[in-house]
Number of protein chains: 2
Amino acid sequence: MDKLAATLMFESLSSGIRLDIYRLLVKAGPDGLVAGDIATALALPPNNTSFHLKTLTQAGLLSATQEGRFQRYRANMRLMTELIDYLTAECCTGNPDQCADLSLPVSNCCVSNETTP
Amino acid sequence: MDKLAATLMFESLSSGIRLDIYRLLVKAGPDGLVAGDIATALALPPNNTSFHLKTLTQAGLLSATQEGRFQRYRANMRLMTELIDYLTAECCTGNPDQCADLSLPVSNCCVSNETTP
DNA sequence: TCATTATTTCAATAGTTCTTGTATAGTTGA
DNA sequence: TCAACTATACAAGAACTATTGAAATAATGA
């Protein structure tokens, strides 16, 4: 994870529409969704949906595969974890005690399926 | 964590300069840094530094406290963990097996001080 | 008080992004 | 082959963001 890749990912997620798309695909899991279903689910015009899907894909947050005339998109969860790792790298260097109370809740994913309050 | 807050945070981190500032402050830990030190460390003009610090603070990623004529900034780590939680909420709903191999590396923070490869 | 230092604010400009409409490419099935 | 469907590409205009220089605010110390 380098700085350029990280800024690309953040820029991608800085749009409400793209954030909706990404979270929809995280929720959809490994099966992903085809472009038309995404557009329908979020009530977006197809060309605008395509625009945002392209942005997310170029940032690496989504992967796309062709299925006949459909285009299936999936969230790249692994890249997300790398981004998080990049952000928190060298956290409190030399002073682990000082931020030990953070109790990072991230690993809730796939441990509990309840949404956090 | 609502959508507006999340997009604000992502928008803040989508600039290379602001990403540098944030990571510098994560590394600095609870002591934070004053604005001038941040500008010096990143070789930025003071007014531009102020511009980006304001953006990060408005997004909630930084907190600012006055110290005489200095302004001290600190990273808000807890908000970051909330953002991550928001992103991965309902991950693979109903299919926990399918993404169980993610082995989220986030909790590296404050467990190991080594930078990840 | 007055000069100095630290930081922020404001205005102007250049560059970028988002949305919409239109057109195009590729796939499917009759 | 032809028509219908899925999805993307392109262009134009409005709206937004980043950078810079100049000025303002506020605290410190001689």
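So you know, we letter chains A, B, ... as the sequences are listed, proteins then strands, and number each from 1. Heavy atoms only: backbone and side chains are in, while hydrogens, waters and symmetry mates are out. This one's a predicted model, so the numbers in the text were calculated from it and none came from an experiment.
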Could you check if a side-chain atom of B:Thr49 sits within less than 4.5 angstrom of a side-chain atom of B:Tyr73, using non-hydrogen atoms only?
no
Testing C:dT9, D:dA7, D:dT8 for proximity to the side chain of A:Leu53, the answer is D:dT8
TODO: Please confirm whether the backbone N or O of A:Glu11 pairs with a side-chain atom of A:Ser14, one donor and one acceptor, at under 3.5 Å?
DONE: yes
For B:His52 and D:dT19, is the shortest distance between a side-chain N/O and OP1 or OP2 below 4.0 Å? yes
Side-chain atoms of B:Ala35 come closest, of D:dA7, D:dT20, C:dT7, to C:dT7
* When we call it a touch if two heavy atoms are under 4.0 Å apart, what does A:Glu11 touch: a base, just sugar-phosphate, or nothing? -> sugar-phosphate
Whole-Å distance, A:Arg72 CZ to D:dT8 P, equals 13 Å
B:Gln71 atom CD is separated from C:dT8 atom C1', nearest whole Å, by 9 Å
Out of C:dT20, C:dT9, D:dT19, minimum distance to the side chain of A:Pro45 belongs to C:dT20
**Message:** Using the rule given for side-chain contact (heavy atoms from CB on, under 4.5 Å), can you reason through A:Met9 versus A:Met1, listing the C-alpha separation, both sets of side-chain angles and the distance that settles it, and then say yes or no?
**Reply:** CA-CA 11 Å; A:Met9 291 174 69; A:Met1 176 70 53; 3.8 Å; yes
For B:Arg74 and B:Gly32, indicate whether the former's side chain and the latter's backbone hold a donor-acceptor pair under 3.5 Å.
no
Q.
Taking any heavy-atom pair under 4.0 Å as a contact, classify B:Glu67: base, sugar-phosphate, or nothing.
A. nothing
In whole angstroms, the gap separating C1' of D:dC10 from CG of A:Asn48 amounts to 14 Å
To the nearest angstrom, the NZ-P distance between A:Lys54 and C:dC18 comes to 12 Å
The residue, A:Ser14 or A:Gln66, whose nearest nucleotide of DNA chain C is more 5′ is A:Ser14
Taking for B:Gly36 and for A:Thr55 the nucleotide of DNA chain C with the nearest heavy atom, the one nearer the 5' end belongs to B:Gly36
* **Shared hydrophobic cluster, A:Tyr86 / B:Tyr22 (ILVMFWY, side-chain heavy atoms < 4.5 Å)** => yes
Just to confirm, is there a sub-4.0 Å distance from OP1 or OP2 of D:dT8 to any side-chain nitrogen or oxygen of A:Tyr73?
-> yes
note: B:Ile17, atom CD1; D:dT19, atom C1'; distance rounded to Å ~ 9 Å
Query raised in the report: Between the base of C:dT5 and the side chain of B:Arg69, is there a donor-acceptor distance below 3.5 Å?
Result: yes
When rounded to whole Å, the CG to C1' distance for the pair A:Leu8 and C:dT16 reads 14 Å
**Asked** Under 4.0 Å between a side-chain N or O of B:Arg18 and OP1 or OP2 of D:dA18?
**Response** yes
Atom CD of A:Gln58 and atom C1' of C:dT17 are separated, to the nearest Å, by 13 Å
Per nearest nucleotide of DNA chain D, the residue lying toward the 5' end, B:Asn47 or B:Phe51, is B:Phe51
